[in-house]
Amino acid sequence: MNIYVGNLAYGVTEDELREAFGAYGEVSSVSLITDKFTGNSKGFGFVEMPSNSEADAAIKGLNETEVKGRNMRVNQAKPREERPSREPRW
C-alpha cells in the first residue's frame with residue numbers, strides 16, 4: 001500500500017520515516033518530495049508497505065503523532081491523476 005505522509009518538519013529524513021513505519025512492519029520504499037531547484041524538502045512524502053494490514057496499523061498508529069515538533073498527517077495515498085501535457089513555451 002502506498003501511504004501519504006504530510007505536514008512533516010523540513011528536517012525529517014527518509015531514514016527517520018523508515019524507522020517510524022518499520023515499527024509496524026516491512027517498508028519497501030520511502031521517498032520525500034523535494035523542490036527541484038533548491039533540493040529542500042516540501043514537507044511531505046510517501047511510504048510504500050507491501051502488507052495492507054501492516055500499512056493500516058501504521059496509518060492508525062502514526063497519524064497525528066509528533067515528529068520534530070509537527071504532527072504528521074498519515075493516510076492512504078490517492079492514485080496520481082494524469083495531467084494534460086503542456087505545450088512547449090517557445
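Along the sequence shown, residues are numbered consecutively beginning with 1. Predicted model only: the values in this text are computed from it and were never measured.
- In this structure, CZ on Arg70 lies 13.0 Å from OG1 on Thr65, to the nearest 0.5 angstrom.
- Residues Phe21 and Leu62 form a side-chain contact, since some pair of their non-hydrogen atoms from C-beta on lies under 4.5 Å apart.
- Between Leu17 and Leu8 the shortest side-chain heavy-atom distance falls below 4.5 Å.
- With sequence neighbours excluded, no residue forms a side chain to side chain contact (heavy atoms under 4.5 Å, CB included) with Thr34.
- A continuous path of Ile, Leu, Val, Met, Phe, Trp and Tyr side chains, each step under 4.5 Å between heavy atoms, connects Tyr24 with Val67, placing both in one hydrophobic cluster.
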Give every donor-acceptor pair under 3.5 Å between a side-chain atom in residues 52-61 and any protein atom, sequence neighbours left out.
unit_1, atom_1, unit_2, atom_2, d
Ser53, OG, Ser51, OG, 3.1
Glu54, OE1, Glu26, N, 3.1

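- When the salt bridge (charged side-chain N to carboxylate O under 4.0 Å, His left out) test is applied to Lys42, no partner is found at least two apart in sequence or on another chain.
- Of all the heavy atoms in Ala9 and Lys68, the pair that sits closest is CB-O, 3.7 Å.
- A chain of hydrophobic side-chain contacts below 4.5 Å, direct or via other Ile, Leu, Val, Met, Phe, Trp or Tyr residues, connects Val30 to Met1.
- Looking at heavy atoms from C-beta onward, Val74 lies in side-chain contact with Ile3 at the 4.5 angstrom threshold.
- Contact check for Glu64 versus Met72: no side-chain heavy atoms found under the 4.5 Å cut-off.
- Put simply, CD on Glu66 and CG on Asn7 are 11.0 Å apart, with the number rounded to the nearest 0.5 Å.
- Counting heavy atoms of neighbouring residues, nucleotides and ligands inside a 6.0 Å radius, atom CD of Glu14 exceeds 12 of them.
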